[in-house]
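What follows is a short report on a single structure.
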Amino acid sequence: MGPLDGLRVIDLTSVLMGPYATLTLGDFGADVIKVESPEGDVVRQIGPSRHDDMGPIFLHANRSKRSIILNLKTTDGRAALLRLCEDADILVYNIRARAMARLGLSYEDISAVNPKIIYAGMFGYGQTGPYADRPAYDDLIQGASGLPYLFSRVNDGQPRYVPSAIVDRIVGLAAVNAILAAMVERNRSGQGQRVDIPMLETMVNLTMGDHMGGLTYDPPLDRGGYRRQLSVDRRPYRTKDGFVCALVYNDGHWRRFFQAIGRPEMPEADPRYRSFAARMAHIDEVYAELSRIFETRKTAEWMALLEKADIPAMPMHDFEGMLNDPHLTQTGFFEMIDHPTEGRIRQMAVPAYWSRTPASPGRPAPKPGEHGTEILCAAGFSEEEINGMLRTGALVAPAHAQNAKEQDRHRKRE
């Protein structure tokens, strides 16, 4: 059932940021109705798949949801969405606010049919600034929030993006926080409200929380940057046969580390290691020395030594290594399920635990429009109304969606 059982979410999002937010709400027990355009969510096409429209990123970001295909540019499609909103708790979208207004789906339009709804928009930028209407993608926001610059500081001047859609996922989680906070307030006041979650501001808050440094003060005390995180040797340590991730951090860690490697005199003999402040002042030298030390033993030796000394350490996994991690295996984080159309697939568990209302992944990721008729019937639409929407294209049935895509691919080949 999950802690959000009983909440209904209208999901107008696509790609990853919005779907990751609504995935979380669905995994927590909310009934998420994914409203797709006739073209479908483009993420359906990413990665290797057994069938069209069911790629792996889509499968992982869109479980615990039902799918309906509505053409919101039609009068009947818009009217159907408004009827679905009448008894919904939350509407989430990630297209630009002006586009929602052009569709007649602004906050004013939606709240007119349901004043208690939480109307959550996920944008590239805050809606009161000059960037408000700009398009935004993960890579762009990574750049604007300084992540590639951080890599350039430790990578011979070469900026790089984080090789993950980290902005989409972080902002998706920020949206969940904001939405649930609005739900708590609604429980007190009985009123809904509009909530905006901007990507740029969310990520600048994350980056500068670590690296504002001396720029915090006026006048500035330095040019910003947290020295430990920007040290060129802050990285997995190479061993004789691989890599190990270790953090020798506080005074106790350092005393036990030097004792374990047979150099107990070091913290007193070398002033760079005597205190936290001294180590931070010489962090590049400290990390460079650790790099040299870790090259003297094999990974398994280091893991045993560090565990015995109670020093935080983990092996550096590749993708397949994560699947075989003993902790993740024991906790059942990766589980095998039988998908009704995709066969045997591996999915990840909900990464949170509740003592009374445990959450688990709900229904598997849907085919395009799989639940359209079911959703409209439950909302009180008659068979005649549904058939009329199918005839006009306001509602698209799964088979029609597949045929339309096949015809489109055929035209492109020609």
Side-chain angles (χ1 to χ4, degrees), residues 4 6-26 28-37 41 62 64-68 70-75 77-129 131-136 168 170-202 375 379:
L4 298 186
L7 292 185
R8 176 160 294 171
V9 179
I10 305 300
D11 178 6
L12 297 183
T13 70
S14 61
V15 191
L16 187 54
M17 176 176 62
Y20 190 64
T22 54
L23 163 75
T24 304
L25 297 172
F28 288 0
D31 175 21
V32 178
I33 297 174
K34 183 178 178 68
V35 182
E36 298 190 59
S37 70
D41 191 333
N62 289 279
S64 303
K65 303 177 187 181
R66 296 187 287 165
S67 171
I68 181 172
L70 291 176
N71 186 345
L72 299 177
K73 296 178 181 178
T74 67
T75 300
R78 175 183 178 273
L81 182 73
L82 291 175
R83 282 177 66 176
L84 292 177
C85 287
E86 288 176 4
D87 64 351
D89 297 284
I90 301 159
L91 182 145
V92 187
Y93 68 100
N94 65 347
I95 62 176
R96 282 175 273 186
R98 286 190 181 182
M100 288 290 282
R102 285 195 299 270
L103 290 170
L105 299 173
S106 67
Y107 174 61
E108 290 72 22
D109 296 315
I110 301 296
S111 62
V113 301
N114 181 356
K116 295 181 68 174
I117 201 165
I118 303 303
Y119 181 90
M122 305 174 70
F123 312 107
Y125 314 93
Q127 295 299 286
T128 59
Y131 300 165
D133 290 328
R134 287 189 181 183
D168 284 342
I170 288 173
V171 179
L173 292 177
V176 172
N177 287 341
I179 289 167
L180 295 184
M183 287 298 302
V184 171
E185 194 282 333
R186 190 187 80 171
N187 290 341
R188 291 197 301 264
S189 68
Q191 301 178 55
Q193 62 179 305
R194 171 180 164 173
V195 180
D196 293 351
I197 305 97
M199 298 169 74
L200 178 61
E201 286 88 332
T202 298
I375 290 167

Handout entry: Closest heavy-atom pair and its distance - A88, I117
Key = O-CG1, 4.0 Å
Exercise for the section: Evaluate the criterion side chain to side chain contact (heavy atoms under 4.5 Å, CB included) for residue pair T22 and I90; output intermediate values, then yes/no. Expected result: CA-CA 10 Å; T22 54; I90 301 159; over 6 Å; no
Practice task
Return yes if some donor-acceptor pair links the side-chain N/O of D11 with the main-chain N/O of V32 below 3.5 Å, else return no.
Solution key: no
Handout entry: side chain to side chain contact (heavy atoms under 4.5 Å, CB included) assessment of D196 paired with F123
Key = CA-CA 7 Å; D196 293 351; F123 312 107; 3.4 Å; yes
Fill in the blank from the handout: To the nearest 0.5 Å, atom CG of D109 lies from atom CG of L103 at 10.0 Å
Exercise for the section: Any chance you could measure I118, atom CD1, to Q191, atom CD, to the nearest 0.5 Å? Expected result: 10.0 Å
Problem - Test side chain to side chain contact (heavy atoms under 4.5 Å, CB included) applied to L105 and L91, step by step - result: CA-CA 10 Å; L105 299 173; L91 182 145; over 6 Å; no
Practice task
May I ask you to decide if G124's main-chain N or O and R134's side chain share a donor-acceptor pair within less than 3.5 Å?
Solution key: no
Problem - Minimal non-hydrogen separation, C85 against I10, with atom names - result: SG-CG1, 4.3 Å
Exercise for the section: List in chain and number order the residues that pass ring pair (Phe, Tyr, Trp, His ring centres under 6.0 Å) with F28, two or more places apart in sequence or in another chain; answer none if no residue qualifies. Expected result: W354
Practice task
Indicate yes or no: at least one non-hydrogen side-chain atom of Q127 is less than 4.5 angstrom from one of P198.
Solution key: no
Exercise for the section: Run the salt-bridge test on D31 and R66 with the 4.0 Å N-O cut-off and return the result as yes or no. Expected result: yes
Handout entry: Backbone N/O of M199 and side chain of E201: donor-acceptor pair under 3.5 Å
Key = no
Problem - E36 side-chain N/O to D41 backbone N/O, donor-acceptor pair under 3.5 Å - result: yes
Problem - Closest non-hydrogen atom pair between D89 and L7, with its separation - result: OD2-CA, 3.3 Å
Practice task
Report the C-alpha separation of M100 and I95 in whole Å, then their side-chain angles, then the decisive distance to 0.1 Å, and conclude whether the side chain to side chain contact (heavy atoms under 4.5 Å, CB included) test is met.
Solution key: CA-CA 7 Å; M100 288 290 282; I95 62 176; 3.6 Å; yes
Exercise for the section: Would you confirm whether R194, through its side chain, and Y119, through its main-chain N or O, come within 3.5 Å as a donor-acceptor pair? Expected result: no
